[in-house]
Colleague: 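Below you will find the structure I want to go over with you.
Note that the structure is predicted; figures quoted are calculated from it, not measured. Worth knowing before you read on, the calculation uses all heavy atoms, side chains too, and leaves out hydrogens, waters and symmetry mates.
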There are 4 protein chains.
Amino acid sequence: METVTRIAADTDTDTGTAPRRTPRPRADALRNRERIVTAAREMFVEFGPDVPLDEVARRAGVGNATLYRNFPDRAALTHEVVLSVTSRTTDRADEAAAEEGDPFAALSRFVHAAADERVGALCPMLSGGFDKDHPELLAERRRLEEAVEGLVARAMSAGRLRTDIAVGDVLVGLSQLTRPLPGTACLDIDRFTHRHIQLFLDGLEAPARSELPGTAATLEVLRRRP
Amino acid sequence: METVTRIAADTDTDTGTAPRRTPRPRADALRNRERIVTAAREMFVEFGPDVPLDEVARRAGVGNATLYRNFPDRAALTHEVVLSVTSRTTDRADEAAAEEGDPFAALSRFVHAAADERVGALCPMLSGGFDKDHPELLAERRRLEEAVEGLVARAMSAGRLRTDIAVGDVLVGLSQLTRPLPGTACLDIDRFTHRHIQLFLDGLEAPARSELPGTAATLEVLRRRP
Amino acid sequence: METVTRIAADTDTDTGTAPRRTPRPRADALRNRERIVTAAREMFVEFGPDVPLDEVARRAGVGNATLYRNFPDRAALTHEVVLSVTSRTTDRADEAAAEEGDPFAALSRFVHAAADERVGALCPMLSGGFDKDHPELLAERRRLEEAVEGLVARAMSAGRLRTDIAVGDVLVGLSQLTRPLPGTACLDIDRFTHRHIQLFLDGLEAPARSELPGTAATLEVLRRRP
Amino acid sequence: METVTRIAADTDTDTGTAPRRTPRPRADALRNRERIVTAAREMFVEFGPDVPLDEVARRAGVGNATLYRNFPDRAALTHEVVLSVTSRTTDRADEAAAEEGDPFAALSRFVHAAADERVGALCPMLSGGFDKDHPELLAERRRLEEAVEGLVARAMSAGRLRTDIAVGDVLVGLSQLTRPLPGTACLDIDRFTHRHIQLFLDGLEAPARSELPGTAATLEVLRRRP
DNA sequence: TATGAATGAGATTTCATTCAT
DNA sequence: CATGAATGAAATCTCATTCAT
């Protein structure tokens, strides 16, 4: 269920033909690709989606042409980053479902973990310049929605969540609230982010919560975050 | 209590000769200035803070140089837009305080009205490229904070708001949740915005709200929105 | 023999028609024209011939449109400045001729006075963008050349000037050596200007140094240049 | 002793892995850089220091962005041109010192050669828009001053130069007299340039004209200036 | 294949000149 | 007639993308 790195059509089935002394160089290429995506994810968060690709390449420690070899244009890189973040976020949802007993605690844990994965950074990327309906992306998004669906359904059927809440509400609210501000100002905001998504979460909680059970569970979850 | 248009340095210090009552021709100029700010506000919302200024000028119906005459650089224009939105938002807060009897309804009305004023559009502009600590801006921000402070305090002392809520929580949460996505995608999101801020608002409500009184009031408020 | 301010076609012969209560406003117009030319002369010297005309208008204390009413384009203003400087320089030559007894002293006085009139500022203006052969200008230049011709001839026939010197040598050398550097750096240079033109002048002086040893060597050098 | 092309920060500090002997591909880049500097030098001479950089790029036969890659702004290009001209002028001084026997001939040769190198083109560039005190530039200027110092000292101790002459007099006079006029007019002037610097040089020559009658008169004149 | 360099298209900003009051 | 404002054309500089080594 972990994130899998995809390399287009690189099935490595050429071992049967020529002796090819060097099967190794692929390692470097793969590593480069990873580093580019990582750098892009970080810099999209830090500087927004318009960050110069040359800068991304520089941070990744590769030449710009290497970036373009791997991702023919900005759309392709954005696509990969969105895919990557979506995938990692799904992983967090699965972890939360698997490891938290309390249904609301599971949801809370997921939400805070997703914030740490910078789901919010996806928002501005969704705005333009790449194909939001690419099949690969749709599939990954579906995976995420299903995972969150599970968390929501469980919390709801345990009577812990308002019944008028949809998965989309959680995901969109979460994304918006964790959207980083480009530039250094983001740090000030960052200190409040987890507090705000918790407030949002509180709004999702089922009423007659005079005891506020979710909040206690959530605080516990927050305490365990890295 | 309404927004006041500021013209830089209109000191009229004629050194004692003729009275020179009217630097009259400004009628057009003022109108142009207004139109530029309006166009900028709209386009910052629609396309983000990096929208080409030439496009802003085009939408305002003036030549690009007219824009630059009024606002020497992007920072100056951004400054004015932030000032304008802040001011208008404060006006909404004052209206809500004056015209709504129920304290929570007043807060709700403000929050939804602020969303309509596109407070969220301020977020990405706050990230960089202009002086966030300009005195004029600080003053206006203070005015807004005071107005919202009033709304929050009233709702809180009526026992309608959780007591651990600060003005900043409202403003930041509100801003983030209403932050527009550049590009056409924003429209899809927009349909949910008021729903999401209502959810957030619900999270701020005082517990033992088994009857959910605020929600009823809010729905009423929402119904009356234009 | 003093500089006369010229206003095109402003013969003021309209006193015979309508009663026209106000024959006065012309005074202001004339004054404005003078102030523009003065400001332009100063700023051409200080910032070079590309100084923004709006700045010239500002220094003159008039609106830019007033400048353009008097001088339809930069060429027209340049023309007037060149005319003005030429005229004033001629005045200096006439004064020197009239008031100095010693022929070489007269020439010297003229040269240094011309430097103070900023003849050098004319050089870059001569380079382009206006009609160097305008009859009005030709006439004024002729006046200057004649005046300097007189100074040179007198010094030469008194045996005080090398006989291979032409008026052009004096004027061009003088102009080049006094050409100001735009920007503040000119001040450093300025301190040396009079020294340098004096050195140049010394080169023009008739020898008692009949042997001129360096010149022979130099001619040989020049002959070998590519 | 010849001009050395400088490449910024080519420190080659490979951190110990493979030897990476050849950052080879620079052959073209270097050539481009040279061509840009050459084009800039020529066009600064021909059109003045405000010539559009796009035009410089065009003359160099490269895209404008290539120019900006090599020289981030006009100041950087100006810096390089000043450096280059200074360096080449120093080379001319060294050559003259080495190859001319007669001290005054050496100085003369240098002066005329410097004119051919267009030292005068440096003048308007020195006025603004770049750091005149950059260490690299100071060093190169020092080299030039030392070289000319040598020529002057030699001529002086051979009794061929007035003893009140400083290196600065030579360099400034030379620069001013050879300063080109932007625009086509420069050609007319150009024909006289060598003649004029020769006249200037003559002024520097030691008298056998011990009496210097004009100078006394001139000093009197200067004393009376306002 | 990976790289640094090159490129053209576009964004920002300035300025000479014209217009409306 | 004088003015401030408006304008488009041009200059500076940036960046996504392509090329050559």
Colleague: Of the nucleotides E/dT12, F/dC13, F/dT12, which has the atom closest to the D/Pro52 side chain?
Modeller: F/dT12
Colleague: Under 4.0 Å between a side-chain N or O of D/Thr66 and OP1 or OP2 of E/dT7?
Modeller: yes
Colleague: Taking the side chain from C/Thr38 and the backbone from C/Glu34, do they hold a donor-acceptor pair closer than 3.5 Å?
Modeller: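 It does hold such a pair.
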Colleague: Would the distance check show the side chain of A/Arg74 and the main-chain N or O of A/Pro49 forming a donor-acceptor pair, the cut-off being under 3.5 Å?
Modeller: yes
Colleague: Quiz question: going by heavy-atom distance under 3.5 Å, is there a donor-acceptor pair between the base of E/dT13 and the side chain of B/Asn64?
Modeller: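 For B/Asn64, whose side chain was compared with the base of E/dT13, there is a donor-acceptor pair (under 3.5 Å).
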Colleague: With respect to the side chain of B/Ala65, which nucleotide from E/dT3, F/dA6, E/dC15 is positioned closest?
Modeller: E/dC15
Colleague: If you assign D/Leu67 and C/Glu55 each to the DNA chain E nucleotide with the nearest heavy atom, which residue ends up on the more 5' nucleotide?
Modeller: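 Residue closer to the 5' terminus by nearest nucleotide: D/Leu67.
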Colleague: If you only use heavy atoms from C-beta on, which nucleotide in E/dA11, E/dT21, E/dT17 is closest to the side chain of B/Asp28?
Modeller: E/dT21
Colleague: Let me spell it out: for each of A/Pro72 and C/Gly63, pick the nucleotide of DNA chain F with the closest heavy atom. Which residue's pick is nearer the 5' end?
Modeller: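 So the residue in question is C/Gly63.
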Colleague: What is the distance, rounded to the nearest whole Å, between atom CG of C/Asp50 and atom P of E/dT17?
Modeller: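 These atoms are roughly 12 Å apart.
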Colleague: Between A/Ile36 and A/Leu67, what is the shortest heavy-atom contact and its length?
Modeller: CD1-CA, 3.7 Å
Colleague: For B/Glu46, is there an ion pair with B/Arg59 - N to carboxylate O distance below 4.0 angstrom?
Modeller: yes
Colleague: B/Arg74 side chain: which of E/dA2, F/dA5, E/dA11 is closest?
Modeller: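 Closest nucleotide to the B/Arg74 side chain: E/dA11.
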Colleague: In terms of side-chain heavy atoms of D/Asp54, which of E/dT14, F/dC13, F/dA2 is nearest?
Modeller: F/dC13
Colleague: Across all strands, who's sitting opposite E/dT21 as a Watson-Crick or G-U wobble pair, both distances under 3.5 Å?
Modeller: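 F/dA2 - that is the nucleotide pairing with E/dT21, both distances being under 3.5 Å.
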